[in-house]
Amino acid sequence: MQLLFQSKKIKWPLVLIAWGFMIILLILPIALVITQAFSTGFSHYLIVLASPNTLHAINLTIAATVVSVFVNLIIGVSAAWIIAFHDFPGKRLLNTLIDLPFSVSPVIAGLIFILTFSRTGWFYPVLQSLNIQIIFAPPAIFLATIFVTFPFVARELIPVLEARGREEEQTAAFLGANLTDIFMQITFPAIKTPLLTGMVLATARAMGEFGAVAVVSGNIPGKTLTLPLLVQSLYDQFKFPDAFAVATILLIFTFLIVFLQRLLIGPKQFQKG
């Protein structure tokens, strides 16, 4: 069996398939984006990146990403902890609902927020009395991004916590350790790698989210355009070099996220994860 898997008749076709897939669906598109971004010259590229709309889109995208990852870090760890370590009524339902953003279209998620917080929504009278605008404003973008990235942290942590059991935490609690000490000294070292992986996945999804954000943002230039929405807006205006120039920012962020994951987790742990 080992000789079969080491056979060149098996190895080289698989290598060609893997590299062919990577070249056609990843390397060539990235090369095309970079080529088109600089098609009108490096100076024009810098002008596009330094424009007020682009800078605002960068700030809004980073803000939405930071807020969503922070919120989902807290909610994801809490949900994973209670599902893995505690029995309570509705546990199966909660475990199922965590996957809801995976199965619901982002566009439908955006429509749900529209129905909830718009002028005809349930909470609009309360929001109006408090002079708070959700829809067609940054708060709607934050809510939509939190929704679509919610499962990543929890789904990475739950299998790890369930597999290792709760004996160590129970022993520490029996010996008098408080919840903070138990988490920081026992639980966190065991879940550090899947936790970082979930955060990286949530970060990548938050930066590239389009559907839900497009529905709730209103696509207002200089106010509610994130980087993906700005790329679409420029493309619709037939400003192709500008659209590809903005797209390179997302590529740079993606490479930085992957590099940071490798740096924090380490190549060996990354391969195991």
Side-chain angles (χ1 to χ4, degrees), residues 25-73 101 105-107 109-110 113-114 133-150 152 198-261:
L25 296 182
L26 184 63
I27 297 176
L28 286 180
I30 291 176
L32 177 63
V33 169
I34 296 174
T35 302
Q36 292 295 317
F38 292 97
S39 61
T40 55
F42 186 70
S43 59
H44 181 77
Y45 175 82
L46 294 179
I47 291 174
V48 174
L49 265 57
S51 68
N53 284 342
T54 302
L55 294 178
H56 184 274
I58 293 173
N59 292 333
L60 183 57
T61 302
I62 293 176
T65 301
V66 171
V67 169
S68 63
V69 172
F70 176 75
V71 171
N72 285 324
L73 174 64
S105 169
V107 175
F113 287 114
I114 290 287
Q133 182 179 357
I134 300 294
I135 301 301
F136 303 150
I141 296 175
F142 297 160
L143 288 174
T145 308
I146 290 171
F147 178 84
V148 299
T149 57
F150 170 66
F152 289 103
M199 291 175 63
V200 167
L201 294 173
T203 300
R205 176 64 188 275
M207 285 191 169
E209 175 55 31
F210 180 85
V213 172
V215 174
V216 301
S217 67
N219 296 333
I220 305 172
K223 184 179 179 180
T224 60
L225 282 184
T226 60
L227 285 173
L229 297 182
L230 181 58
V231 171
Q232 180 66 39
S233 176
L234 292 171
Y235 194 87
D236 290 341
Q237 299 173 41
F238 302 102
K239 298 179 180 179
F240 301 128
D242 296 7
F244 285 113
V246 176
T248 60
I249 303 175
L250 290 171
L251 285 177
I252 293 172
F253 281 148
T254 300
F255 288 127
L256 288 176
I257 292 170
V258 174
F259 174 76
L260 184 62
Q261 182 187 26

Measuring from atom [atom1] of [X] to atom [atom2] of [Y], what distance do you get when rounded to the nearest 0.5 angstrom?
X: Ile146; Y: Ile141; atom1: CD1; atom2: CD1; result: 12.0 Å
X: Ile30; Y: Thr254; atom1: CD1; atom2: OG1; result: 8.5 Å
X: Ile34; Y: Leu251; atom1: CD1; atom2: CG; result: 6.5 Å

>> Would Val48 and Val246 count as a side chain to side chain contact (heavy atoms under 4.5 Å, CB included) here? Give the steps.
In response: CA-CA 7 Å; Val48 174; Val246 176; 4.0 Å; yes
> What closest approach, in Å, do Ala245 and Tyr45 show between heavy atoms, and which atom pair accounts for it?
Replying inline: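 Scanning both residues completely, I find the closest heavy atoms to be CB-CD1, 3.6 Å.
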> Please, which pairs that meet side-chain hydrogen bond (donor to acceptor under 3.5 Å, both in side chains) have at least one residue in residues 57-69, sequence neighbours excluded?
Replying inline: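 Qualifying pairs, neighbours excluded: none.
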> With sequence neighbours left out, which residue pairs that include part of residues 137-147 fulfil the side-chain hydrogen bond (donor to acceptor under 3.5 Å, both in side chains) condition?
Replying inline: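 Every candidate side-chain hydrogen bond (donor to acceptor under 3.5 Å, both in side chains) pair involving residues 137-147 fails, so no pair, neighbours aside, qualifies.
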> By side chain to side chain contact (heavy atoms under 4.5 Å, CB included), which residues pair with Leu73, not counting sequence neighbours?
Replying inline: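 For Leu73 the side chain to side chain contact (heavy atoms under 4.5 Å, CB included) partners, ignoring immediate neighbours, are Val77, Leu195, Met199.
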4.5 Å side-chain heavy-atom contact, [X] and [Y]:
X: Phe142; Y: Val66; result: no
X: Ile134; Y: Leu143; result: yes
X: Phe253; Y: Ile58; result: yes
X: Arg205; Y: Pro106; result: yes

>> Can you confirm whether more than 12 heavy atoms, excluding those of Phe70, are under 6.0 Å from its CZ atom?
In response: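 Incorrect, the count does not exceed 12.
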Which donor-acceptor pairs under 3.5 Å do the side chains of residues 223-237 make with protein atoms, sequence neighbours left out?
residue, atom, partner, partner atom, Å
Thr224, OG1, Ser217, O, 2.8
Thr224, OG1, Ile220, N, 2.9
Gln232, NE2, Asp236, OD1, 2.8
Gln232, NE2, Asp236, OD2, 3.2
Ser233, OG, Gln237, NE2, 3.1
Gln237, OE1, Lys239, NZ, 3.4
Gln237, NE2, Ser233, O, 3.3

List the atom pairs, with distances to 0.1 Å, where a side-chain N or O of residues 35-44 and a protein N or O form a donor-acceptor pair under 3.5 Å, not counting sequence neighbours.
residue, atom, partner, partner atom, Å
Thr35, OG1, Ala31, O, 2.7
Ser39, OG, Gln36, O, 2.8
His44, NE2, Asp242, OD1, 2.7

>> Run the ring-ring contact (aromatic ring centres under 6.0 Å, His included) test against Phe152 and tell me which residues pass, sequence neighbours left out.
In response: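 Listed in chain order: Phe102.
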